[in-house]
Amino acid sequence: MHKDFIALTDFSSDQLHEMVDLAIKMKAVPDEYRSALAGKTLGMIFNKHSTRTRISFESGIYQLGGVGLYFGPGQLQLDRGEPISDTAQVLSRYLDGIMIRTFKHSDVEDLGRYGSIPVINGLTDYNHPCQVMADMMTIQEKLGKCERHKLCYIGDGNNMAVSLLFGAVKFGVDISIVSPADYTIDRALVAKVAEEANERGCKVTLTESLEEGASGAHAVYTDVWASMGQEDESNKRVNAFDGFQVNDQVMSWADKDAIFMHCLPAHRGEEVAASVIDGPQSVVFDQAENRLHAQKAIMYTLMR
Ligand code: CP
Ligand code: NVA
């Protein structure tokens, strides 16, 4: 088992399935795990905003009997130039695990490389693996299983698109990614998982057509058009993504029992119509809840 939880591609399909199964069990019988990580301390480093990640990790480690220590932007010597390698080695002497949300993915990898304790990626500009574990758990709960279902992601080829691609391939989900031409996912990443997708019989489609992407989908997913750190591009992106909103028309192309998914926070009237996110097909708050259970399973697996 990989020491760190930084990208889904570091784990086998079986290992990720086991973590999701454990998360489902922890959700059903949380009391059985109340002292699973007793005496353990999780450091939580945040260089970006967060509601779900921060609160679900902090409450998750408490529910497992451990303690969470929060460090916000500008609080560590790291922000005054102390090398990541030194920080990683020092923190490894105090803590039992680190969760970090930051900009550069390579910073998280360095923290894992130089530290001896597990490092968990709470979102980088490149990916958001904890979110996708909660998402696969939600798909399994709502649709009975992940395999052979079709997920359509509509929006920016961002950190969520990348993690959903990796997650889909690991969990045997067919995925169509629908983006405007200038905002597509990096094709090299599709190539990176092509062999595994092939072995698992899992279809990956990139398209600009919402109708083609959403057609027959069992889950329709979207995310913000401007991610954290891209605030100054907001206006430009509102224009570029015009016509890429998940609305009732898009949901009508999907399977009649399709679920609507969003990692949140959402912008009603931009990437999603209020009638969809607040409508009966939406499972967004189940996804948000499942962050807690999925991350408890990740911490339990790596930190015991
Ligand atoms: N989905 C998600 O990661 O939410 P936060 O940014 O609130 O943590
Ligand atoms: N793509 C979004 C995801 C937020 C959970 C961002 O990076 O801001």
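Start at 1 and go down the list; that is how both ligands and their atoms are numbered. We count residues from 1, following the sequence as given.
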Does any N or O atom in [X] lie less than 3.5 angstrom from one in ligand 2, N or O only?
X: Arg101; answer: no
X: Met228; answer: yes
X: Lys48; answer: no
X: Asn159; answer: yes

Using a 4.0 Å cut-off to any heavy atom of [X], which atoms of ligand 1 qualify?
X: Gln131; value: 1 (N), 2 (C)
X: Thr51; value: 5 (P), 7 (O), 8 (O)
X: Leu264; value: 1 (N), 2 (C), 4 (O)

**Asked** For ligand 2, is Leu264 a contact, meaning one of its heavy atoms is under 4.0 Å away?
**Response**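 True for this residue.
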
Does a side-chain N-to-carboxylate-O contact under 4.0 Å join [X] and [Y]?
X: Asp278; Y: Arg268; answer: yes
X: Asp156; Y: Arg237; answer: yes
X: Lys142; Y: Asp286; answer: yes
X: Glu196; Y: Lys170; answer: yes

**Close-contact set for ligand 2 against Asp223 heavy atoms, below 4.0 Å** =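 Numbered from 1, ligand 2 contributes 1 (N), 2 (C), 3 (C).
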
**Request:** With heavy atoms of Leu123 as the reference, note each atom of ligand 2 found under 4.0 Å away.
**Result:**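 Those atoms are 3 (C), 4 (C), 5 (C), 7 (O).
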
**Asked** Does ligand 1 have any atom sitting under 4.0 Å from a heavy atom of Leu123?
**Response**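 Leu123 does not count as a contact of ligand 1 under the 4.0 Å cut-off.
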
**Asked** Can you tell me if Arg291 has a non-hydrogen atom under 4.0 Å from ligand 1?
**Response**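 True for this residue.
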
**Request:** Assess Lys48 against Phe103: is NZ or CZ under 6.0 Å from the centre of the six-membered ring, and within 45 degrees of the ring's axis?
**Result:**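 Geometry flag: set, cation within 6.0 Å and 45°.
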
**Prompt:** Distance under 6.0 Å and angle within 45° of the ring axis: does Arg54 meet both against Tyr70?
**Reply:**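 The answer is yes, since Arg54 meets both limits relative to Tyr70.
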
**Item:** Closest to atom 1 (N) of ligand 1 among Cys263, Ser56, Ser227 (heavy-atom distance)
**Value:**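 Nearest option to atom 1 (N) of ligand 1, by heavy atoms: Cys263.
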
**Request:** Around atom 4 (O) of ligand 1, find the nearest protein heavy atom and jot down its residue, atom name and distance.
**Result:**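 It is Arg52 NE, 2.8 Å.
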
**Request:** Check each heavy atom of Arg101 against ligand 1 and say whether those closer than 4.0 Å belong to the side chain, the backbone, both or neither.
**Result:**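 Near ligand 1, Arg101 shows its side chain, while the N, CA, C and O stay back.
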
**Request:** Measure Lys48 to ligand 1 on non-hydrogen atoms and call it side chain, backbone, both or neither using the 4.0 Å cut-off.
**Result:**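 It is neither; nothing of Lys48 touches ligand 1.
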
**Request:** Provide the closest heavy-atom pair for Phe260 versus Gln287 in the form atom of the first, atom of the second, distance.
**Result:**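 Looking at all heavy atoms of both residues, the closest pair is O-OE1, 4.4 Å.
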
**Asked** Between Phe244 and Tyr183, does the ring centre distance come in under 6.0 Å?
**Response**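 Between Phe244 and Tyr183, the centre distance exceeds or equals 6.0 Å.
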
**Prompt:** Using the ring of each side chain (for Trp, its six-membered ring), is Tyr126 parallel, tilted or perpendicular to Phe166, with breaks at 30° and 60°?
**Reply:**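 Perpendicular, since the angle between the ring planes exceeds 60°.
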
**Message:** Check the orientation of Tyr221 and Tyr153. Use parallel for under 30°, tilted for 30 to 60°, and perpendicular for over 60°.
**Reply:**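 It falls in the tilted class, 30° to 60°.
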
**Prompt:** Within the structure, does Pro265 bring an N/O atom to less than 3.5 angstrom of an N/O atom in ligand 1?
**Reply:**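 No, there is no polar N/O contact under 3.5 Å.
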
**Request:** Nearest 0.5 Å please: distance from the CE atom of Met1 over to the CG atom of Asp10.
**Result:**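 Here the rounded value is 11.5 Å.
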
